[in-house]
Amino acid sequence: MIKNVWLFLPGNAEGDASMKDTLGGKGANLHEMCRIGLPVPPGFTISTRSCNEFLKIGELRKEVIDEINSALSKIEEFTGRKLGGKGESMPLLFSIRSGAKFSMPGMMDTVLNVGINDEVMEVLAKKTGNRRFALDCYKRFIEMYADVVCKFERSNFEKILNEIKGSRKYDTELDENDHEIIVERYKDLIKKNNIEIPQDPYEQILEAIKAVFRSWNNERAIIYRRIHNIPDDLGTACNIQMMVYGNLNNDSGTGVCFTRNPSNGEREIYGEFLTCAQGEDIVAGIRLPEPIGKMREIWPETYAELENYCNILEKHYKDMQDVEFTVENRKLYILQTRNGKRTVKAAVKIAHDMVEEGLIDIGTAILRIDPTLLNQLFIPVVRESKKKNNKPIAHGIPASFGAANGLAVFNSKEALELASKGVKVILIRPETSPEDIGGMAKSAGIVTAVGGVTSHAAVVARGLGKPCIVGCSDIVFENQDHVKIVTEEGPIELPKLTEITIDANDGSIYLGRLELDEAKPDASFYKLLLWASNIKKLKVLANADTPEDALRAIKFGAEGIGLCRTEHMFFEGNRIDILRLAIIEEDREEKKKFLEKLLPLQIEDFIRIFEIMNGLPVAIRLLDPPLHEFLPKTMEEIENFAKRVEIPVEKIRNSVIKYQEANPMLGLRGVRLGILYPEIYETQIKGIFRAAKIVANNGIKVNVEIMIPLVVSVAEVYYLKNMVEKIYNKELSHGRTERIGYKFGIMIETPRACLIARELGKLIDFASFGTNDLTQTVIGLSRDDAGKFLGTYLEKHIFKKDPFISIDKEGVGRLIEIAVQNLRAANKNIKIGVCGEHGGDPESIEFFQNCGLDYVSVSPYRIPTATIASAQTVLKE
Ligand code: PEP
Ligand code: MG
């Protein structure tokens, strides 16, 4: 018989932490915490399987209901409390909460205080001697049950609440009498709207369970799953747990804390709490919570207990925990623990520190990092000098890290619309709710007026790796298009689309666009990278065209340059004009003269790169793009150029027409340029060898590699090999520098090159798969045009992934495998790598490693990603 309902009582639970598939994350951990003796209110979990069954047949099966009944009796027996409030002790009320395998904060539903009705409310009032509290529970129950079960929106109650509150700011200022009126008016309202809230506590429980199951399929949960790649068929578990009351009095409260700081990873209990409140109040940002340090002041013993449990939990789970707790009359209950969501900055620091503390090993630490997120570590920061000279217009609580600038917008829909058009926006909201997820994901940064570090906005922004400031109470919302910022010097008007800058490192908001600088990751990042380097199998080289790129690459541990695209060197200063003249000139000798003018400039570039790389290999790729890319395009550009260089417009236009191509990606580019216009490649090769000579003469090691793009035939390779050899013999094979060698290699970017790899392999020292072009040529899918329709292909699941991001293993990958085998068969010393964009994609890296490649070459910022991903592939083996 399949078990549907799993009971947990303090010290004795039927499930455990390993059962997330069945009990969901929240459920599994509640069971585990009971097992390790933490103070958890008793309850039971209904399995995810039951949810899926319910969603299919639309009702709870009899076996499930029988098991629920049995669990309810056991809880009555264990607690001595009775459903419906009969008997001597407190009535038994329940919280009914969702909890899927993967945490989906706030996306699904919860109903608290289930089991309350007119009669039970009176018993609760009598037993606690606190009628205000009992009414507060009833009020909350009506709001939540109507909303979650009856789909009668919670906002319907807000009008009544606000009327009774009048000028009072917080619900806590309402007294017993106010609550009495509120509850009566709530009841009238639901009656008028024909909303049925059953008086029978048992019926309430069953209906709430069904509603929680249904919430698996609400729109925001579906969107969240899509964003976070969570499968739709997992279903949620449902946890039915005895209520404990943080809203009982001022010696009670509720809070959320992390066992370490989730923004920066520092070792400290980080979180917040609210006195006289129930759990939902914190996340909803109804009142601004107090920092957790305040709890230490007012309830020192309870705080010490919390600290102790945080330690126990971290040691037990060996990871940073996100803990929810409630205090009832200073007695602490732990209501939830899960691995805390954290920024990638915190993830790196925590993984590193836990190794140093002996809690986890290096392999575990590396496996905990999501390599695709590492680029977030370079989210810019506000330039220090700009910070000094500009005064923030407002301050809030920093909830993640990094800075952003953009246009202020005040609702998520607008943020989404503008951002989809490429406009950078900062979303400012009173608070966020799960409906805002779409707009938040597209905004450059997020600010809220209320809510603390565990509010919805903070949690989601950290997950998305966005700069986020919360609790910025100086912001006053006037309407959808306008906010006001209250400052000591008077109000500042902020109409929508005003440009602002936010700094989530310290919570400052500035008017205007402040310049941002690259972030500097801390020592723990470099240490982790070093650990990963010692484990990884693939060499990680850099795609770097400039000295700045080369420096950055070295900083992140690059083992050389695997692709130096020379075309970018021609765009600096007036170089482009000289190159254009060389292209336009028909006379070969004249052409050479222009190219000679570029030679010293190219030599300079190569010298700097060789110096920085200091003996590490530098693979320089000879010119690749079709020549029209260098020529002026519009008539205006043509005229301007003609004026600058004093040649007739007509001559330039003729040249532009001559070099136009119907399909430039498959036209006169790559090695074909070297064959049609050898003087271009000859100048480049000369420049490379002369630079190498100068550097070597200065006593610095050089390791030159010359790489030919887009080859399709053995004859092309011969032709180029001869050309390089000839120039080498002329430039380098004599004098003091004769020992500078060089390596000759090709890029494999066409199916033909893959298929003749055995022949090519004999002629070369190295081969690098240009997987951008290889994907284009194998699939027959233009790099430049695919973006226009790939989205639909992905939506309709025709392609599982964008083949320009993650290697198409069955097609492109298969050809790579064939080519690698043949290259190795032809030349056992050959070095083989990848220098297309796929080299920075973890899934592709795993594939390349398993294919037996020697290296990947990636843009400098992706070196950490490639390093960690390669180490993870080894660790997973
Ligand atoms: C490639 O095609 O993968 C490559 C690295 O070359 P480029 O992107 O410059 O064409
Ligand atoms: Mg290419």
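Heavy atoms only: backbone and side chains are in, while hydrogens, waters and symmetry mates are out. Atoms within a ligand are numbered from 1 in the order they appear, just like the ligands themselves.
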Q: Could you tell me, atom by atom, which parts of ligand 1 come under 4.0 Å of a heavy atom of R783?
A: 2 (O), 7 (P), 8 (O), 10 (O)

Q: Establish, yes or no, whether the cationic atom of R580 lies under 6.0 Å from the six-membered ring centre of F641 and within 45° of the ring axis.
A: yes

Q: Find all atoms of ligand 1 within a distance of less than 4.0 Å from any non-hydrogen atom belonging to D624, and give their numbers and elements.
A: 10 (O)

Q: Ignoring hydrogens and angles, tell me if any N or O in the side chain of Y681 forms a donor-acceptor pair with the backbone of I675 under 3.5 Å.
A: no

Q: Should E837 be counted as touching ligand 1, given the test is an N or O pair under 3.5 Å?
A: no

Q: Heavy atoms only, cut-off 4.0 Å: how does M747 contact ligand 1, side chain, backbone, both, or neither?
A: side chain

Q: For the Mg ion (ligand 2), give me the closest N/O/S atom belonging to D773, just the atom name.
A: OD2

Q: Any side-chain to backbone donor/acceptor pair from K591 onto A582? Under 3.5 Å, distance only.
A: yes

Q: Give the intermediate values and the outcome of side-chain hydrogen bond (donor to acceptor under 3.5 Å, both in side chains) for residues Q684 and T566.
A: CA-CA 9 Å; Q684 287 196 298; T566 47; 3.0 Å; yes

Q: With a 4.0 Å cut-off on heavy atoms, is R621 touching ligand 1?
A: yes

Q: Give the atom name of whichever N/O/S atom in E749 sits closest to the Mg ion (ligand 2).
A: OE2

Q: I'd like to check which ligand 1 atoms, numbered from 1 as shown, lie under 4.0 Å from a non-hydrogen atom of L563.
A: 5 (C)

Q: Within a distance under 4.0 Å of any heavy atom of G770, pick out the atoms of ligand 1 and give their elements.
A: 1 (C), 2 (O), 3 (O)

Q: Testing the basics here: between P678 and R588, what is the closest heavy-atom pair and its distance to 0.1 Å?
A: CD-NH1, 4.4 Å

Q: Could you list the atoms of ligand 1 found under 4.0 angstrom from a heavy atom of C835?
A: 5 (C)

Q: Using the ring centroid of each side chain, check whether F789 and F799 are separated by less than 6.0 Å.
A: no

Q: Out of all atoms in ligand 1, which are within 4.0 Å of some heavy atom of D773? Include the element for each.
A: 1 (C), 2 (O), 3 (O), 10 (O)

Q: Under the criterion side-chain contact (heavy atoms from CB on, under 4.5 Å), which of V712, N827, V714, I830 is the partner of L760?
A: V714

Q: Between E518 and Y861, do the side chains contain a donor N or O and an acceptor N or O under 3.5 Å apart?
A: yes

